There are 2 protein chains.
Amino acid sequence: MLSLTEENYLKAIYHLSDGGNRSVLTNELAEAMNTKAASVTDMVKKLSAKAVISHEKYYGVNVTSKGKSEALMVIRKHRLWETFLVQKLGFAWDEVHEVAEQLEHINSARLIEKLDEFLGYPKVDPHGDPIPDNKGKLKILPQIAIDQLNIGYQGKIAAVKDSDSNLLKYLDKIEARPGTKIKILGKEDYDGSMEILIADHRIFISKEVSQNILVIE
Amino acid sequence: MLSLTEENYLKAIYHLSDGGNRSVLTNELAEAMNTKAASVTDMVKKLSAKAVISHEKYYGVNVTSKGKSEALMVIRKHRLWETFLVQKLGFAWDEVHEVAEQLEHINSARLIEKLDEFLGYPKVDPHGDPIPDNKGKLKILPQIAIDQLNIGYQGKIAAVKDSDSNLLKYLDKIEARPGTKIKILGKEDYDGSMEILIADHRIFISKEVSQNILVIE
DNA sequence: GTAAAAATTTAGATTAGTCTAAAAAAATAT
DNA sequence: ATATTTTTTTAGACTAATCTAAATTTTTAC
């Protein structure tokens, strides 16, 4: 049983480690958690004692397989709640994160199963991120940012990165949402900006924006 | 801003004081909160400092008007979530309390307004308890338990007391739900048991059960 | 109206999560 | 390869919420 704080640390470790593919350093985690390195060291000891991460002193932490599945359960809850907030309550895209951060810690297996059913067993959340199933399995979709694509590419937006609420507002405004048709019309070598066709209207976007729009690879 | 624990204490004080109509003693509160009197005394100091209750040493606590409206907001959230769990997710009556106890502490005014709208602005929760409005106003319904009624009374169940999950299971089984028609057929002087007609079928209930079924007075 | 019982508060300690400052280890730079 | 810088850990302290045991106040009982 993890406390709310422990769950948040574990989730951050999971994300920073890219789903368990690399180890996470104390300072990285301190920055992500908006706290101090000393606090991280303390918490790392607690999480190690609970066997959800392993810690090699001075060299960072890794999530264990137990930790991975616990993290995925929290992520499952987060993404299901985000889907609920957008699809059922009519929240905008960029408004859901903070609330979902709270809701993800509600403890009731039955609630999550019922919610999943109520939402029609969605596979992805409103940003296009995959929702882990009730066994803690995550289907990783092979995605690529559109700044990597060539002129002439046509397809559908699969997901957008949801790191920043202002970015999300902008993406919503230009209708860059999962499922929307997209075509690469032009690319400027100098600054990497692009001209694209989204939902049948032409628009110029900066390289930074293009790095946050993903399609299936 | 109250902590989760402070919210729970305040809610308990509100309920024990009958919505602020009498003062609450330390031991009462300790029993309700499943804690020790000494812990209550400590918490009472914190809540007094936050001006949601007033405390006269050795004579108990009273909710202030600020405390009353804060308690009602928590109750509003609790009852809206219970309504959601039953009406939208298909939870049974007796399963909702524990989950709603967690959900009531989610902090987002927008969420509650959206949820209220999504549910169609319900006036009462699944047990028939009134839902405070977004101004923190509670419409108190004049209710009376059916053990107080005379033979021949006919009406509709307005609410049931939701103190005990086993009672709720039983009430659900006999279809004693808010809105159901009810008629008093007979009353045994010896033990106070009753024969009643609920949703057109006759049933005998004990005095204890009859004290938990309420109609509009 | 005082003595015993019950209720409440205070005192001092504990745990979770956090902090600052100091110590220790690792990385780096010449 | 040694000194400096950076990163991490340890040590010691703080707050919130809790506890036990002791002290205090109120109530009750004769």
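Chain letters run A, B, ... following the sequence lines, proteins first and then strands; every chain starts at 1. A quick note: this is a predicted structure, and the numbers were derived from the prediction, not measured.
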Novice: Nearest-Å distance, CG (B/N8) to C1' (D/dA16)?
Specialist: 15 Å
Novice: NZ of B/K46 versus C1' of D/dA17: gap in Å, rounded?
Specialist: 5 Å
Novice: Has the side chain of B/K77 got a donor or acceptor atom that lies under 3.5 Å from a matching backbone atom of B/I106?
Specialist: yes
Novice: Which nucleotide wins on minimum distance to the side chain of B/K36, given the candidates D/dT18, D/dT20, D/dT26?
Specialist: D/dT20
Novice: Mind running a 4.0 Å heavy-atom check of residues 26-35 of chain B against DNA chain C and sending the residues that fall below it, in number order?
Specialist: B/T26, B/N27
Novice: Using a heavy-atom cut-off of 4.0 Å to chain B, what are the terminal contacting nucleotides of DNA chain C, in 5' to 3' order?
Specialist: C/dA7 to C/dT10
Novice: Would you please confirm or rule out a distance under 4.0 Å between OP1 or OP2 of D/dA17 and any side-chain N or O of B/S3?
Specialist: yes
Novice: Quick one: B/E56 CD to D/dT25 P, roughly how many Å, whole number?
Specialist: 15 Å
Novice: Taking NZ in A/K123 as the centre, count heavy atoms belonging to other residues, nucleotides or ligands within less than 6.0 Å. Is the count above 12?
Specialist: no
Novice: Are more than 12 heavy atoms, taken from residues, nucleotides or ligands other than B/E208, located less than 6.0 Å from that residue's CD atom?
Specialist: no
Novice: With respect to the phosphate group of D/dT8, does any side-chain polar atom (N or O) of A/T41 fall under 4.0 Å of OP1 or OP2?
Specialist: no
Novice: B/E6 CD to D/dA16 P: how many Å, rounded?
Specialist: 8 Å
Novice: For the side chain to side chain donor-acceptor pair (under 3.5 Å) test, which of A/D133, A/D116, A/N134, A/D125 pairs with A/R76?
Specialist: A/D116
Novice: To the nearest Å, how far apart are B/L25 CG and D/dT27 C1'?
Specialist: 12 Å
Novice: Given atom NZ of A/K45 and atom P of D/dT8, what is their separation to the nearest angstrom?
Specialist: 14 Å
Novice: Students often get this wrong, so: under 4.0 angstrom with heavy atoms, is A/T5 touching a base, only sugar-phosphate, or nothing?
Specialist: sugar-phosphate
Novice: According to the interplanar angle, ranging from 0 to 90°, do the rings of A/F84 and A/F118 count as parallel (below 30°), tilted (30 to 60°) or perpendicular (above 60°)?
Specialist: tilted
Novice: Do side-chain atoms of A/E82 reach the backbone of A/A100 as a donor and acceptor pair under 3.5 angstrom?
Specialist: no
Novice: When you measure from the side-chain N and O atoms of B/Y9 to the phosphate of D/dA16, is any distance below 4.0 Å, counting only OP1 and OP2?
Specialist: no
Novice: Quick one: closest heavy-atom pair of A/P178 and A/W93, and the distance?
Specialist: CD-CZ2, 3.6 Å
Novice: Report yes if a side-chain nitrogen or oxygen of A/H55 is closer than 4.0 Å to either non-bridging phosphate oxygen (OP1 or OP2) of D/dT9; otherwise report no.
Specialist: yes
Novice: Pick one: which of B/E70, B/E101, B/E6 meets side chain to side chain donor-acceptor pair (under 3.5 Å) with B/K11?
Specialist: B/E101
Novice: Take A/K207 and A/Q211, measure what side-chain contact (heavy atoms from CB on, under 4.5 Å) needs, and give me the verdict at the end.
Specialist: CA-CA 6 Å; A/K207 184 179 178 69; A/Q211 289 168 334; 3.6 Å; yes
Novice: What is the separation between atom NZ on B/K57 and atom C1' on D/dT26, rounded to the nearest whole Å?
Specialist: 13 Å
